[in-house]
Amino acid sequence: MEKIKNKIKIEWIILICVALIMCLPLFRKGFIGTHDGNYHVDRIYGTVQGLKDGQFFPEIIIEYCNGFGFSWNLFYPPLYTYVGALLKLFLPSYTVAMKGILIILTLMSAIGMYKLMMEITGKRKISLLTAIIYVTAPYRLTDVFVRLAIGEVLSFAFMPILFQGLYNLFNKDGKKDYLIIIGATGILLSHNISTLLVATISVIYVLINITKLKDKKILLKLVIDAIFILGLVAFFYGPLLESKMTVEYVAFDEGFMMTREGITKQVVHIRQLFDNSFKPGRSIPLGVNGDGTKEMSFALGLQIIIPLLLIPFVIKKVKKGQKKFYWYTVILGLFCVFATTGLFPWKYVPDIVVMIQVPWRLLMLATFLLSISAGLTINYEFEKVDAKYISVAIIAILIYILPYFFNLDYVDFYDEKGVLLPTFSYINCSNFEYLPTKARNNMEYIEKRENKALILDGKGIIDNQQKDGTRMTFDIIENNSENIKIELPYIFYVGYNAKLNEEKIDLKESDNGFLQIEINDNKTGTVSIAYTGSTIMNITKIISIISFILFTIYCFKDKIYNIIKSKKERGIKVGEN
């Protein structure tokens, strides 16, 4: 027993050490120059400011967009910003908080894949090797150190958790279905596009196991899981849908995020799948005349490619109980690779598919699926893998990968807080894509507008204006019009409320994309504005909180049942000490 414990400890130590080695650039002073890192660091800062403003679920960053308020969290899933805000309590700057997030997600990715492979094979050495293949995969590292595509980095961490739950449900006792809830919720609160991609491969996996849904226990657990997932993410997707239905926002404008014509130009050249370069650089376009040598890495990685070459030799060796899952990962993984290239007919795909923006996003799915395929292939080809061979493989992978880090770019343009200022820039406002369309089309007005309430139509006098974050009051001391229109110094987002003399009044979107109120019948008095959330927003937040409490109980239901049963057997009434 002691030997087994020691072996487990050694494997965990190796796994964590390799994961931390993959984080070495994060321990260096300064921050890595990435495509999207600036956006995401500033977003954590904005979330903290939202908390300071008194928003329980921070949505409005009042400092941004020239002090008129900007929202990321109504449109882009906010999970990492909450984690970053929590880490910032203990860390010196926002860039360090982001580094902390990336280290945590790297460890989660490694541990999650290890546990998934243990679920499938029950073999520690193979599980360790597969986890290392996964965590060292070039595209995952590209997501961290070149793109800092935080949504995809989060998805890399949650996909193994989701699929461990699915595999356990369809192939084992189903007692780990709570992992489906954790994995799916994590992805849904990470990245909208990644959610679409992961949902697709998850549905395909459920469909290839559809005959097992005849088992009422499995079907019931899937239904329960789905209810929990919907409840846990309601606080984000409820307001997102409400925003979409209320006002036109740039992010929802057809053709703004990506066009069919544009997506065909973002394909990966086949040789790039084997290119070992790992250099910082823009991914758009892929290079002059198809030469992508100076751009980011799209390589699958030799640690994935070499095991896949062994597939023809293991066809007859695949274990009966694992055949369906093995071929699912191989076929779907290779299809994802194929779909990144110009050989795939992107011109003819449905509009919803164009939402992924760039074909090479599919390398996220390919890396996940083919890492599993690689591990299983090695498992089938070498029934017994000696520890020394695993050690050699790990060393070879590290020698192959570590040179990638030498070309990383470091920047020093963050202030002492670890954020970028000024507050009116395309970086902290995500290229202004989450503005109302009217506001986005009127950027000069936003830049030059005074930060106070303005009378747009009618005659009157406003006085005693006091603005404090998302709260504001002012007095209408004179109103000489039957209908006076006043534009407030806030960009229009769902959740603001307005009152005149404590009586609620309607808020509309002005022609400039700001909040607007109309005062009728020559009324005067005190107007108060506050961001308190809409009815839908507040209801969905309550639903998510209740869902979280119930899910926690659900996770520990067996332990709770055993405690109650034990007390009853001892003749102790439930609730007594």
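Among Trp72, Phe236, Tyr531, the single residue meeting the side chain to side chain contact (heavy atoms under 4.5 Å, CB included) criterion with Glu59 is Tyr531. Of the residues listed (Tyr496, Tyr490, Tyr445, Phe514), the one engaging Phe68 in a ring pair (Phe, Tyr, Trp, His ring centres under 6.0 Å) is Phe514, and it is the only one. With Cys23 as the partner, the side chain to side chain contact (heavy atoms under 4.5 Å, CB included) test is satisfied by one option alone out of Leu102, Val135, Ile103: Ile103.
Here the CG-SG distance, from Leu435 to Cys65, works out to 4.5 Å after rounding to the nearest 0.5 Å. A distance of 10.0 Å separates CG of Leu365 from CG of Leu370, quoted to the nearest 0.5 Å. Here the OG1-CG distance, from Thr540 to Leu241, works out to 10.0 Å after rounding to the nearest 0.5 Å. Taken from CZ in Arg440 to CD in Glu248, the straight-line distance is 15.0 Å, to the nearest 0.5 Å. Rounding to the nearest 0.5 Å places CG of Asp53 at 11.0 Å from CD1 of Ile61. In this structure, OG1 on Thr532 lies 10.5 Å from CD on Gln55, to the nearest 0.5 angstrom.
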Could you go through the side-chain contact (heavy atoms from CB on, under 4.5 Å) check for Ser371 and Ile304 one step at a time?
-> CA-CA 6 Å; Ser371 293; Ile304 290 177; 3.7 Å; yes
side-chain contact (heavy atoms from CB on, under 4.5 Å) between Ile14 and Ile390, intermediate numbers included = CA-CA 11 Å; Ile14 293 172; Ile390 294 289; over 6 Å; no
Take Tyr139 and Arg147, measure what side-chain hydrogen bond (donor to acceptor under 3.5 Å, both in side chains) needs, and give me the verdict at the end.
-> CA-CA 10 Å; Tyr139 185 74; Arg147 298 182 63 213; 3.0 Å; yes
Going through the checks in order, is the ring pair (Phe, Tyr, Trp, His ring centres under 6.0 Å) test met by Phe156 and Tyr134?
-> CA-CA 9 Å; Phe156 271 113; Tyr134 184 57; 5.8 Å; yes
Output, in order, the C-alpha distance, side-chain angles, deciding distance and verdict of side-chain contact (heavy atoms from CB on, under 4.5 Å) for Thr341 and Val267.
-> CA-CA 5 Å; Thr341 70; Val267 294; 5.6 Å; no
Derivation of the side-chain contact (heavy atoms from CB on, under 4.5 Å) call for Thr106 and Leu26 | CA-CA 11 Å; Thr106 299; Leu26 300 174; 5.5 Å; no
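Distance alone, capped at 3.5 Å, is enough to place a donor-acceptor pair between the Ser534 side chain and the Met537 backbone. With Gln303 contributing its side chain and Thr136 its backbone, the two residues share a donor-acceptor pair below 3.5 Å. The backbone N or O of Ala339 sits less than 3.5 Å from a side-chain atom of Trp346, completing a donor-acceptor pair. At least one donor-acceptor pair closer than 3.5 Å links the side chain of Lys467 to the backbone N or O of Pro489. Remark: the backbone N or O of Ile187 is paired with a side-chain donor or acceptor of Thr195 at under 3.5 angstrom. A distance-only check finds no donor-acceptor pair linking the side chain of Asn73 to the backbone of Pro78 [under 3.5 Å]. Within the 3.5 Å criterion, the main-chain N or O of Lys176 finds a donor-acceptor partner in the side chain of Asn168. No donor-acceptor pair under 3.5 Å is formed between the side chain of Tyr400 and the backbone N or O of Ile395. Of the possible donor and acceptor atoms, none in the side chain of Arg361 sits under 3.5 Å from a partner among the backbone N and O of Ile193. In this structure, Asn441 contributes its side chain and Thr437 its backbone to a donor-acceptor pair below 3.5 Å.
Listed here is the closest heavy atom pair of Thr95 and Phe31: O-CE1, 3.8 Å. Between Val494 and Leu74, the closest heavy-atom pair is O-CD1, 4.3 Å. The heavy-atom pair separating Val96 from Leu91 by the smallest distance is O-CD1, 3.8 Å. In plain terms, the two heavy atoms of Tyr178 and Cys555 that are nearest each other are CB-SG, 3.9 Å. The nearest pair of heavy atoms linking Thr47 to Ala85 is CG2-CB, 4.5 Å. Closest approach of Ser544 and Gly231 over heavy atoms only: OG-O, 2.9 Å.
Under the 30°/60° scheme for interplanar angles, the aromatic rings of Phe252 and Phe75 are found to be tilted. Between Tyr80 and His40, the ring-plane angle classifies as perpendicular under the 30° and 60° cut-offs. Between Phe70 and Tyr434, the angle of the ring planes lies from 30° to 60°, which puts this pair in the tilted group.
There is no side-chain donor-acceptor pair under 3.5 Å between Gln49 and Tyr64. Between the side chains of Tyr554 and Asp177, at least one donor N or O lies within less than 3.5 Å of an accepting N or O.
Contact annotation: the side chain of Met22 approaches that of Leu398 to within less than 4.5 Å [non-hydrogen atoms, C-beta and beyond]. The shortest side-chain heavy-atom distance between Val337 and Leu273 falls under the 4.5 Å cut-off. Two residues are said to be in side-chain contact when any heavy atoms from C-beta on lie closer than 4.5 Å; Leu87 and Ile44 fail this criterion. Between Ile111 and Trp12 there is a side-chain heavy-atom pair separated by less than 4.5 Å. Annotation: side chain of Leu188 is not in contact with side chain of Pro77 (no heavy-atom distance under 4.5 Å). Residues Phe56 and Ile545 are in side-chain contact: their nearest non-hydrogen atoms beyond the backbone lie under 4.5 Å apart. Side-chain contact between Tyr114 and Pro160 is absent, with no heavy-atom pair separated by less than 4.5 Å. Between Leu179 and Lys115 the shortest side-chain heavy-atom distance does not fall below 4.5 Å.
Taking the ring centroids of Phe145 and Tyr404, they lie at or beyond the 6.0 Å cut-off.
Stacking of Lys88 on the aromatic ring of Tyr94 is recorded, both the 6.0 Å distance cut-off and the 45° axial limit being met.
A 6.0 Å sphere centred on NZ of Lys244 holds no more than 12 heavy atoms belonging to other residues, nucleotides or ligands. Within 6.0 Å of CZ in Phe548 there are 12 or fewer heavy atoms belonging to other residues, nucleotides or ligands.
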